[in-house]
Enquirer: 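Have a look at the structure that comes next, please.
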Amino acid sequence: MSLTAEPGRLGAAAPAARAGAVEKTEAPPIELATQEGRNKLIGMWLFIAAESVLFASFFAVYLALRHSTMGGPTGKELFDLKLVFLATALLLSSSFTSVMAVLNMRRLQAGAMKAWLLATWLLGASFLALEAYEFNHYVHMGHTFTSSAFGTAFYSLVGFHGAHVTFGLLWLFALLVRNLRREVTPYIAPKVYAFSLYWHFVDLVWVFIFSVVYLMGKVA
Amino acid sequence: MVRQGRKKGAFYVPLFTLLALALAGCGDPRVSALVPQGSNARESLSLIQISAYIMFGVMGVVIFLLAVVLIRFRAKPGDRTIPKQVEGSNLLEFIWTAIPVLIITVLSILTVRLTFSMAQDHSDDPNALKIQVIAHQYWWEFRYPDLGIVTAQDLYIPVGKKISAELWSTDVIHSFWVPALTGKMDANPGALLDGKRQNANRFSFDAETVGVFLGKCAELCGPSHALMEFKVVVLPEDEFNRWVEAMKKPAPKPETTKAAAGEQTFQKNCMACHALEATDPANRPGPNLANIGNRLTIAGVLPAGDDAERAASLRRWIEAPNAVKPQNDVPGTVIMPPFKDKLSPEALDQLVDFLMLQKVDVAPPKAAAR
Amino acid sequence: MTTISVPVGGVRKKSLLWDYLTTVDHKKIAHLYFWTGLVYFLIGGLEALLIRTQLAVPLNHVLDGKAYNEVLAMHGTTMIFFVAMPLLFALMNAVVPLQIGARDLAFPFVNALSYWLYFFGALLTHVSFLTGDVPQGGWTGYFPLAHPDYTGYGMSYYAMGLQLSGLGTLLTGINFVATIVNHRAPGMTYMRMPLFTWTTLIASILTMFAFPPLTAGLFLMIYDQLFGGAAFDPAKGGNPIIWQHLFWIFGHPEVYIVALPAFGIFSEVIPVFSRKRLFGYPAMVVATALIAFFGFMVWVHHMFTVGLGPLANGVFGVATTIIAVPTGIKIFNWIFTMWGGKVRMTSAMLWSVGFIITFVMGGVTGVMMALPPADYQYHDTYFIVAHFHYVLIGGTVFSVFAGAYYWWPKMFGKLLNETLGKIHFWLFFIGFHLTFFIQHFLGLWGMQRRIFTYLPGQGFELPNLVSTIGAYTMALGVIVFAINIVYTFVKGKPAPADPWDGRTLEWATPTPVPEYNFARLPLIRGLDPFWLEKQAGNKTVPPAEPYADIHMPNPSILPFMMSLSLFIAGLGFIFKDQYHPSFLYLALFGVAATLLVMFLRSVIDDEGRHVPRELVEQEDAKGVSA
């Protein structure tokens, strides 16, 4: 309230300098060096916020329908925790490698950054391969997308996450192809950082899937 | 310009008078939520009235202030003076926060109490009559599990007795509404999980006056949603008991050759879907036809003021049901087929004659309650 | 209308069509939203007239049950998704960057993408008219009725169309939040932002959190309809009530997504035409935020008769009544803005005053409906129909008209005719109350909603006839508006830069607004910056920076191509069930094309272009002298 001017009178310009108008004294990290970069990252955060609600909705639907197996196999019969644990380890490692990529990006080490990104891609791809194997196994056990509401809810949630991993891999592929011969610049850095944010989010969702779908499914 | 502002105020005076008049009781007593004939409708109306009167007050304040503004604070043509730039007023902000908070607190207390009291479950009440309401596209099935009878479209209940209803749907979502007796309750379809029907609803209502009340499906359920009407026939308790006993009797046998021929036709063409006896144990897909000769409407919408009209409506319906009320066209669903081309006019006459015999001697009240 | 089409940065002269297909300029995107929204407003209006014509007399035969349900579903869907939101987006796009002193949105490319997603989403839904399977499950799309078994593939067009336009809306939400957070001019603190910017910010945050549940619900709906899914299918253990929850978790905030910006528009119009500062500005901001916050906790009030039990009904009922408090604060603050002012009854102001009366009536019935025991009677009757038309027409539609009259000079360079504007208002306003006031009573007298006809002898005849006459009166008003638009384009005078003695920054820009909006970003020294500077004797708002090259984004056809690809994919997925399985390849082609466009966007460098400093100075000098 105190910030508003007296009616009819001019206030001072706000004391805090606005982004873009005055350079900050401390140099920002490279991904925040440009206005475009700052926009990209706030946009990414907002997108992730929205995506969280999207996944929350699928989680809620799954929780509501997970007992509607209609005589088909239940989660307890289906889930193989060892396999899922391996998948979790792969995905979490890929989160680590993407952090390494960002750290190297900030040090302007383009080569190391790309190497870590490649590692991220490979780990993500192995996760996806495992998931494909897992789904195939379930289908053979009679747990399909159309077999019951449980099936629909399960594949909607876990499959939607898988689709996010797939999209992330395509994205990373495009990023690597495009920047194969380039150095780290303020133009590229936000793109890499935004990908990394997305990838962490996808990992985080998996942690929830691991607990809610697999662990709870095994216990219940 | 000032005149215009006054005119706007004047525009609303008759509207509010009308509103006040209407809330004092109005509409057709067979179907109006404003003329309650059952405790649910009465309690709903009490809350409607209290909240409406408070809201008239709120409206009045707003319209008064607006009228003052529009009369007093209009700029004269050419007036370029600049009024005082007021920032706001904490006192005023406090007032118009506190008073609404007070109002909604009062309303909330009343509401929560009534919400819980209206939701009382009478399914274990020995004095309550248990019924099951099963909604179909586009007709209503009424079962009396404790009495062992089934009927359709006309729900018979005793006056003054709590009716404990269980409610579900076999296809899409419908909603059971008898404005004069009770507010809505949805009839939901649901999965059978461990023998329990998901989404089935339980609720209770009653009627305080004898008469016939109009019921409606209130949830969009397909092309014939508007035609999914039903009636609630409220009888004095002894009359109701006579009705129950009569319904339990076997179907009357035809005495004329014409009706006997109609029975033949019925057995050949209708029996697969329709039962003639209210106690019929088979779960047939079509409405139960016991007492069809007394139905207050045919198919919920065709007039049945007297026997002649009823017979004519019945014939119209049997000949071409989809011309009266388009049925659903879900693949694999049993629907009422048109018999215009399947049966000769004589056979149809005979069939209608036979169906008109299917009635118990407890007639519904002739006129609606006043 | 002459926009500045100076070939800057070596861009060659383009045709008007190509210009609009590729534009990323928020002002042009505003035009696109506005005209598209207006076309759908006419379509939705015609549907409304059909509805009212059918109901004018009992047992009427203008439409049969199926056709009526189609018109009904399309009317609701169109008006909410393809009219209300796009028209508000048009005004947001046109005004918000100017109000905060920005050169464009944070993501101009995404802004274009949002528009084209909306365009193709709406188109996809309307393609259903050509295929014969039109949505007929209402705009709420309740399952199982929305399943092809019951209503054919119409509701698949609904689901696909909304999924597309919903994605666009979500991106718009993100875009405006990022813009308002990152792109305010120097000195434009949060508490100096105009109310329209505030409400845009908060509505955008609502969009970000409200649309994802709808997206999830629509995915499940599409799975059930076209891919054998079973989430809502009771026969396979699914539960149709889940759809209702997902829909209304979205649906109630959605009401505020279209109401809050409307509040913002009135909060701009009323101070200007009262020549007085907005009364209780901080209270208005807080009230907006509170409405948004509580808006997420009340969705069950649409489901009181579902049978969720007295606890859920009671809690959600009480939560709903709370929203009346911040809304009331707003109403009184508007009235007290006028109080003591010099009120000028222009067309924009007429709509605002009409709004206060109408919206309060819609608001008080809203409180009445929040009480579950009363709602058992109101629910799914014409009382509800009356209520939401009071808030949606009285709020959103009135605000769009007010905004149109108010911002037309800034958007299109000409002033709409005031006399025609007043005729438009009175016809529409009287017609509106004639149509909907009586419907409160129809509901209480026992007329349920969404019925294509009614039996005679229940006392519904006269009220329905009155209502229909009212609807035609409203239609006359809209025709007058259309005449006004044509008249203005043909004969209207060019508008000055500041025709209303404005208070906020958009009126400090020259008309027509240069593509970069501000030659030099302005320095903001208080709430209502332009008014303050005028009062201090300054001609305009002082600049915060010297002249410099201005960085602008490049136009691009990719947003159009990407939306078109998704449109093809959506059609393919529906056609594969409706016509032939091999349409799956069309769908996959669409998906592949979408990914290809995204790939192109990723790998092609686009660093934008610069408008040279000399040109900016030149144009600025011209603008000031003009």
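Numbers restart at 1 for each chain; the letters A, B, ... are given by sequence-line order, proteins then strands. None of these values were measured; they are calculated from a predicted model.
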Enquirer: Would you say that C/Trp139 contacts C/Leu72 through its side chain, given a criterion of any heavy-atom pair below 4.5 Å between the two side chains?
Expert: no
Enquirer: Can you give me the closest heavy-atom contact between B/Ala135 and B/Met228, atom names plus distance?
Expert: CB-CE, 4.1 Å
Enquirer: Return the set of residues passing side chain to side chain donor-acceptor pair (under 3.5 Å) with C/Asp501 (not counting sequence neighbours), or none when no residue passes.
Expert: C/Lys534
Enquirer: Between B/Ala180, B/Ser46, B/Pro83, which residue shows the highest count of heavy-atom pairs closer than 4.5 Å to chain C?
Expert: B/Pro83
Enquirer: Who pairs with C/Asp375 by salt bridge (charged side-chain N to carboxylate O under 4.0 Å, His left out), at least two apart in sequence or on another chain?
Expert: none
Enquirer: Is C/Phe143 close to chain B through its backbone or its side chain, or both, or neither, when contacts mean heavy atoms under 4.5 Å?
Expert: backbone
Enquirer: Tell me which of these, B/Leu193, B/Asn40, B/Asp79, B/Val58, has more heavy-atom pairs under 4.5 Å with chain C than the rest.
Expert: B/Asp79
Enquirer: Hey, which of B/Ala218, B/Ser224, B/Cys217, B/Ala119 has the most heavy atom pairs under 4.5 Å with chain C?
Expert: B/Ala218
Enquirer: Measure from NZ or CZ of B/Lys216 to the centre of the six-membered ring of B/Trp177, then state whether that distance is under 6.0 Å and the direction lies within 45° of the axis.
Expert: no
Enquirer: Using a heavy-atom distance cut-off of less than 4.5 Å, which residues of residues 319-329 of chain C contact chain B?
Expert: C/Thr321, C/Ile322, C/Val325, C/Ile329
Enquirer: Sequence neighbours left out, what passes salt bridge (charged side-chain N to carboxylate O under 4.0 Å, His left out) with B/Glu43? Give chain and number order.
Expert: none
Enquirer: Going by the ring pair (Phe, Tyr, Trp, His ring centres under 6.0 Å) test, name the single residue among C/Tyr378, C/Tyr382, C/Tyr390 that passes it with C/His440.
Expert: C/Tyr390
